[in-house]
Amino acid sequence: MTTSDEAPFVRVCELSKHADRSVTVKGWVYHLRAKGKLVFLVLRDGSGLVQCVGVKGEMDDAQFDEIQRLPMESSIEVRGKVRLDARAPGGAEVGISFVTVLQKADADFPIQPKEHGTGFLMENRHLWLRSRKPWACLRIRDRAIRSIREYFHELGFINIDSPIFTPAACEGTSTLFEVDYFDDKAYLTQSGQLYAEAAAMAFGKVFTFGPTFRAEKSKTRRHLTEFWMVEPEVAFATLDDVMSLAEGLLCRVVGDALTDCKEELKVLERDVTKLECIRAPFPRLSYDEAAKYLQSKGLPFEYGNDFGAPDETAIGEKYDRPVMIHRYPHQVKAFYMKRDPQDPRWALCVDVIAPEGYGEVIGGSQREENLAVLRSRIEEHKLPMDAFQWYLDLRRFGSVPHSGFGMGLERCVAWICGVDHLRECIPFPRMLHKIYP
RNA sequence: UCCCGGAUAGCUCAGUCGGUAGAGCAACCGGCUGUUAACCGGUUUGUCCUAGGUUCAAGUCCUAGUCCGGGAGCCA
């Protein structure tokens, strides 16, 4: 079928602008109900769903019979008139006058509009992407990515990409994926932070945004082995400065989703009143205050340790918006974090805990800018000094106070979507022992 | 790595005290002019995860293993 001036090609999301006019829509058969001399064909084109109605006698008989038998996900073009009709899902429908079948799909499309287990759906992720829930989650993800970039660019940041191949551990803590690098070994990055620090000394305000890799054998709904992280790094910023920056970022991302993703949130049946309370200021608790709260609740938490996932959940449950916990004991935190000059027991760091049990979405800190101190931290953590020579150079040539944080994109998106697993918020998730499709 | 749970039709699951395999949905055929995960009638569908053991008899009980899910730790 060729489109014509009489029936222009229109995306489903634009149909309401073409009421009472003939159009061509192109897409896939999402659902089909044949009812005698009527056939209701729900067409999916990526931008939305529209019900197309075929009436025997008002179109070619052979075509009418053919579309009644179309397997799900067959690709077709439909020409017909747009009608506004309250009985149609979405309010508009297309009265079919002509159909071209591009490909009649095999009859065994595995995903039905019924309940499936997540394991089965993930085996069929390449096809599951066509369903409503992935449609909603991944569009919200796209909106979040745009919001993040817009937010930082509007504040004068520039995007600096950090390398994926790295010569050694950035933090020396989590397990890395090792790859052959010619005759040498390299590792997939677990954080772009150290490179962002170098860039901050060159550009002032920067952010890296890209995939990161953790080879931890985590089997939980809050972990992926490959995930996307945005990491701003700001020269001359203090911990308080980046806490406000993080607060602003979360408000922006959530606010944009509420404004621009109403349909997606509806598909996900997200309780948007929970998102509408996400406004600055966020509660700010010191580690000391948070620890005392946990002890008062009788949780099995030992003062001086890092918070576990159940601890974070308990703290998060107390508030209707993200909580910022700052100044942890330096022993439980990374080597590059600066200690609090007011009280050297604490590291100048912050974790942001999302509400509703979504856990840590942001971790950040003020960085140690003194060369001698940083050297001794590397020694204390038994890290290979050689690998950090370039990093130490940043403290030799015009060192300044600076701070930054990292935000896990999928954790943030999962929270906004209200879904119970991170893997739904990335197109093709990579998890422990899962790398198909 | 550790703890808990699971594996039966294409999918979601039931299967009693150990007695020879079931439902809904999907697919296929037929009916219906306003359906909304339509409905009604009919048809088809099995390596009961694998290997061994107990027993007259194992989907069911025992042992080992494999794979999957969730949680802990670690972190975003």
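These numbers come from the heavy atoms of this one structure, side chains and all, not from hydrogens, waters or symmetry mates. Fair warning: this is a prediction, and the values are worked out from it, not measured in the lab. Convention: sequence-line order gives letters A, B, ...; per-chain numbering from 1.
Residue contacts for A:Lys434: at a heavy-atom cut-off of 4.0 Å it reaches the sugar-phosphate backbone alone, with no base atom in range. In this structure, A:Gly308 reaches the sugar-phosphate backbone alone: every heavy-atom distance under 4.0 Å involves primed, P, OP1 or OP2 atoms, never a base. Among the protein residues, A:Gly119 comes within range of no part of the nucleic acid, since none of its heavy atoms lies under 4.0 Å from any strand. Using a 4.0 Å heavy-atom distance criterion, A:Ile111 is classed as making no nucleic acid contact. Using a 4.0 Å heavy-atom distance criterion, A:Arg69 is classed as a sugar-phosphate-only contact. Using a 4.0 Å heavy-atom criterion, one finds that A:Glu123 contacts no nucleic acid atom at all. Using a 4.0 Å heavy-atom cutoff across all strands shown, A:Glu410 reaches no nucleic acid atom at all. Residue-level contact check: A:Phe120 touches the backbone only, with heavy atoms under 4.0 Å from sugar-phosphate atoms and none from bases.
Comparing B:G30, B:G73, B:C11 by their closest approach to the side chain of A:Gln112 singles out B:C11. Comparing atom distances between the A:Ser218 side chain and each of B:G69, B:G73, B:C75 picks out B:G73 as nearest. When distances are taken from the side chain of A:Arg423 to each of B:A72, B:C32, B:G70, the shortest belongs to B:G70. Side chain of A:Lys37, nearest nucleotide from B:G70, B:U33, B:G73: B:U33.
Two rings, from A:Phe109 and A:Trp28, have their centers 6.0 Å or more apart. A distance below 6.0 Å separates the ring centres of A:Phe307 and A:Tyr287.
The same atom, P, is picked in B:C75 and in B:G52; the two are 46 Å apart, to the nearest Å. A distance of about 31 Å separates the P atoms of B:C56 and B:G46, rounded to the whole Å. Only the C1' atoms considered, B:G15 is 7 Å distant from B:G22, to the nearest whole Å. Spacing between B:G19 and B:C13 at atom C1', rounded to whole Å, works out to 23 Å. Look at the C1' atom in both B:U8 and B:U47: the space between them is 11 Å, to the nearest Å. B:C62 sits 25 Å from B:G69 when the P atoms are compared, rounded to a whole Å. Taking atom C1' on both B:A72 and B:U35, the two are 50 Å apart, rounded to the nearest angstrom. Here the separation of B:C68 from B:U50, taken at their C1' atoms, is 15 Å to the nearest Å.
What separates CZ of A:Phe405 from C1' of B:A76 is a distance of 12 Å, to the nearest Å. The interatomic distance linking A:Asn124 (CG) with B:G10 (C1') rounds to 10 Å, in whole Å. Look at NE2 on A:His433: it is 8 Å from P on B:C68, rounded to the nearest Å. B:C11 atom C1' lies 14 Å from atom CH2 of A:Trp128, rounded to whole Å. The interatomic distance linking A:Lys217 (NZ) with B:C2 (P) rounds to 11 Å, in whole Å. Atom-to-atom, NZ of A:Lys56 to C1' of B:C32 comes out at 12 Å; the value is rounded to the nearest Å. The distance from atom CG of A:Leu70 to atom C1' of B:C28 is 16 Å, rounded to the nearest whole Å. One interatomic measurement links the two molecules: CG of A:Leu422 to P of B:C75, which rounds to 17 Å at whole-angstrom precision.
Proximity of residues 219-232 of chain A to RNA chain B (heavy atom under 4.0 angstrom from any strand atom) is restricted to A:Lys219, A:Thr220, A:Arg221, A:Arg222, A:His223, A:Leu224, A:Phe227, A:Met229.
Using N1 to N3 plus N6-O4 or O6-N4 for Watson-Crick, or N1-O2 and O6-N3 for G-U wobble, each under 3.5 Å, B:G69 pairs with B:C4. A 3.5 Å limit on both hydrogen-bonding distances identifies B:C40 as the Watson-Crick or G-U partner of B:G30. Remark: B:G52 base-pairs with B:C62; criterion is Watson-Crick or G-U wobble with both hydrogen-bond distances under 3.5 Å. Of the nucleotides present, none pairs with B:A9 by Watson-Crick or G-U wobble criteria with both distances under 3.5 Å. Pairing for B:A14 is absent, judged as Watson-Crick or G-U wobble with the two contacts each under 3.5 Å. Under the Watson-Crick or G-U wobble criterion, with both distances below 3.5 Å, B:A21 has no partner in any strand shown.
In summary, of the residues considered (A:Arg143, A:Arg141, A:Arg132, A:Arg139), a side-chain hydrogen bond (donor to acceptor under 3.5 Å, both in side chains) with A:Glu264 occurs for A:Arg139 alone.
Residue pairs satisfying the side chain to side chain donor-acceptor pair (under 3.5 Å) criterion with at least one member in residues 325-335 of chain A, sequence neighbours excluded, are listed as follows: A:Arg327-A:Asp340, A:Tyr328-A:Asp351, A:His330-A:Arg339, A:Lys333-A:Asp351.
Nearest-nucleotide positions on RNA chain B place A:Glu115 closer to the 5' end than the other of A:Glu115 and A:Ala107. Projected onto RNA chain B by closest heavy-atom contact, A:Asp420 and A:Arg411 fall at different nucleotides, the more 5' of which corresponds to A:Asp420.
Proximity of a side-chain donor or acceptor of A:Asp60 to a complementary backbone N or O of A:Ala62 within less than 3.5 Å is detected. Counting only distance, with no hydrogens or angles, the side chain of A:Ser162 and the backbone of A:Thr208 share no donor-acceptor pair below 3.5 Å. In this structure a side-chain-to-backbone donor-acceptor pair under 3.5 Å is missing from A:Ser365 to A:Arg367.
Side-chain contact of A:Gln193 with A:Glu231: a donor-acceptor pair under 3.5 Å is absent, judged by distance alone. Side-chain contact of A:Arg33 with A:Gln68: a donor-acceptor pair under 3.5 Å is absent, judged by distance alone.
Counting heavy atoms from C-beta on, the side chains of A:Gln366 and A:Tyr336 never come closer than 4.5 Å.
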